[in-house]
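Take a look at the structure set out below.
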Amino acid sequence: MDSLLNGYRKVYKYRRHIAGALALTLFVKNGKRNLIPEYLLVPYTASLECTKYPGEYQRWLIRIAKRDCGYGGKVFPYVTTLLSTISGGFLGVGPLKPVCYVGIPRTYYCANMIEVSDIDLRFLFGKAIQPNSKTEERFLDSLVLSDSAQKYSVAIQLMYMKGNWALLEAILSPAVVMLGYSLCVHLPKFLFSGSSNFFTFFRFQLLALAASYFLCKLVWAQLYQFRNYRVSKQAAEISDEYAQGAVEYYRKEREFNMACRILLGQKGEKRFTARGNLRDGLLLNWNGPATTDLERQAKSILDRFTQNNDVAGVL
């Protein structure tokens, strides 16, 4: 009992320091990809095979997507070793316009699955992937995207930066920490001002701490849902070409996940569903909308473009 009281007093004495350190840690953790300069982060995912993947195509892809998205900020393109586009930074406000970066996968230089099989993908499965089976062919083919799908994938990153989502992501967790601090420290004082029972305070603070953690997870889940839906919708609504690219992009993403589900064995079955979605919560998608939902949204946008074009053709 005495040790518990002593430990509680020490924690309570430095409660502001602990809350501040936690808020700062989460701020750095959630904002490092977007707030740290690109020359410090790009080398971690950049490919060193510069001569094999010339920069002209990267710059063309970024330039076309910037024009179509109406993005006016500076973007540094590079070739990434990852299998999907990656970005960092934000458009900024007023004179604050940092340099952003977008990583273009090496597979975007490939026209067919044979060229994709020449890329070293052992970091995924621990072995080279060759078109020796139907599953491996499906996996390699899922990495070959048309120009429309590639433009769409870049447009997603540009819309993310254009919406300054990085700023919201950086301050969201610290804001929840401050709210949790009020629930754990100030609310018990208000509710139990006339009570001196230590265990009453302690139990309530434990409950408030658990509620704060769940609230943080819930807020992030809602942010993932809203952000991913909005960014993907904005990119697909640019034109019918981008809508077609969106449908192909999410179809290929599902095929990639379904192939990985087989190639990874039990690990793949735990991570992916039979429809090609990431496994998530039963009642709530904690990691954002499912790939099938994004594909359905893209098809709906494409149908609207098709209907409008048909009406315009009749007129």
For Arg296 and Asp293, run salt bridge (charged side-chain N to carboxylate O under 4.0 Å, His left out): C-alpha distance rounded to whole Å, both residues' side-chain angles, the deciding distance at 0.1 Å, then the answer.
CA-CA 5 Å; Arg296 189 180 303 113; Asp293 295 334; 2.8 Å; yes

Heavy-atom side-chain proximity of Pro105 to Leu83 below 4.5 angstrom
no

Among Asn277, Thr292, Thr291, which one satisfies side-chain hydrogen bond (donor to acceptor under 3.5 Å, both in side chains) with Glu253?
Thr291

Is there a side-chain contact between Tyr249 and Leu294, using heavy atoms and a 4.5 Å cut-off?
no

How about Arg271: does its CZ atom have over 12 heavy atoms from other parts shown lying under 6.0 Å from it?
no

Using a 4.5 Å cut-off on heavy atoms from C-beta on, say whether the side chain of Val102 contacts that of Pro77.
no

Report yes or no: does Asn30 contribute a side-chain atom to a donor-acceptor pair with the main-chain N or O of Leu26 at less than 3.5 Å?
yes

To the nearest 0.5 Å, what is the distance between CG on Leu179 and SG on Cys184?
9.5 Å

ring-ring contact (aromatic ring centres under 6.0 Å, His included) partners of Tyr229, counting only residues at least two apart
none

Spell out, as yes or no, whether a donor-acceptor pair under 3.5 Å connects the side chain of Thr80 to the backbone of Thr45.
yes

Step by step, would you call Leu143 with Ile119 a side chain to side chain contact (heavy atoms under 4.5 Å, CB included)?
CA-CA 11 Å; Leu143 296 176; Ile119 299 176; over 6 Å; no

Spatial distance of atom NZ (Lys66) from atom NZ (Lys74) [nearest 0.5 Å]:
9.5 Å

For Asn164 and Leu91, indicate whether the former's side chain and the latter's backbone hold a donor-acceptor pair under 3.5 Å.
yes

Atom CZ of residue position Arg279 - does it have more than 12 heavy atoms of other residues, nucleotides or ligands inside 6.0 Å?
yes

Taking Lys162 for the side chain and Cys69 for the main chain, is one N or O donor matched with an acceptor at less than 3.5 Å?
yes

Derivation of the side chain to side chain contact (heavy atoms under 4.5 Å, CB included) call for Phe305 and Glu241:
CA-CA 10 Å; Phe305 275 115; Glu241 179 188 6; over 6 Å; no

Might you work through the ring pair (Phe, Tyr, Trp, His ring centres under 6.0 Å) test for Tyr250 and Tyr152, ending with a clear yes or no?
CA-CA 10 Å; Tyr250 292 117; Tyr152 173 77; 5.8 Å; yes

Which ring pair (Phe, Tyr, Trp, His ring centres under 6.0 Å) pairs, counting each pair once, include a residue from residues 130-150, with sequence neighbours left out?
Phe125-Phe139, Phe139-Phe256

Start with the C-alpha distance between Arg275 and Asn257, add both sets of side-chain angles, then the distance that settles side chain to side chain contact (heavy atoms under 4.5 Å, CB included), and finish with yes or no.
CA-CA 8 Å; Arg275 299 185 64 191; Asn257 293 341; over 6 Å; no

When you check the side-chain N and O atoms of Glu248 and Ser148, is any donor under 3.5 Å from an acceptor?
no

Between OG1 on residue Thr273 and CE on residue Met258, distance to nearest 0.5 Å:
8.5 Å

Check side chain to side chain donor-acceptor pair (under 3.5 Å) between Tyr224 and all other residues, then give those that pass, not counting sequence neighbours.
none

Is there a side-chain contact between Pro131 and Glu136 in this structure, where contact means two heavy atoms from C-beta onward sitting under 4.5 Å apart?
no

Validation row: Glu237, Arg304 side chains within 4.5 angstrom (heavy atoms):
yes

In this structure, CD1 of Ile104 is separated from CG of Leu61 (nearest 0.5 Å) by 5.0 Å

The test is side chain to side chain contact (heavy atoms under 4.5 Å, CB included); show your working for Ile62 and Tyr71 and say whether it passes.
CA-CA 10 Å; Ile62 295 296; Tyr71 186 88; over 6 Å; no

Using modelled atom types only, decide if a donor and an acceptor are shared between the side chain of Arg261 and the backbone of Phe272 within a distance under 3.5 Å.
yes

For the CG atom of Leu158 and the OH atom of Tyr160, what is their distance to the nearest 0.5 Å?
12.5 Å

For Leu145, does its backbone N or O pair with a side-chain atom of Gln150 as donor and acceptor, under 3.5 Å?
yes

Ignoring hydrogens and angles, tell me if any N or O in the side chain of Lys299 forms a donor-acceptor pair with the backbone of Val247 under 3.5 Å.
no

State whether the side chain of Tyr242 and the backbone N or O of Gln234 hold a donor-acceptor pair below 3.5 Å, judged by distance alone.
no

Can you tell me how far NZ of Lys29 sits from CD of Glu169, rounded to the nearest 0.5 angstrom?
11.0 Å

Any heavy-atom pair between the side chains of Trp165 and Val231 that's under 4.5 Å?
yes

Distance-only donor-acceptor check, side chains Thr85 and Gln157, under 3.5 Å
yes

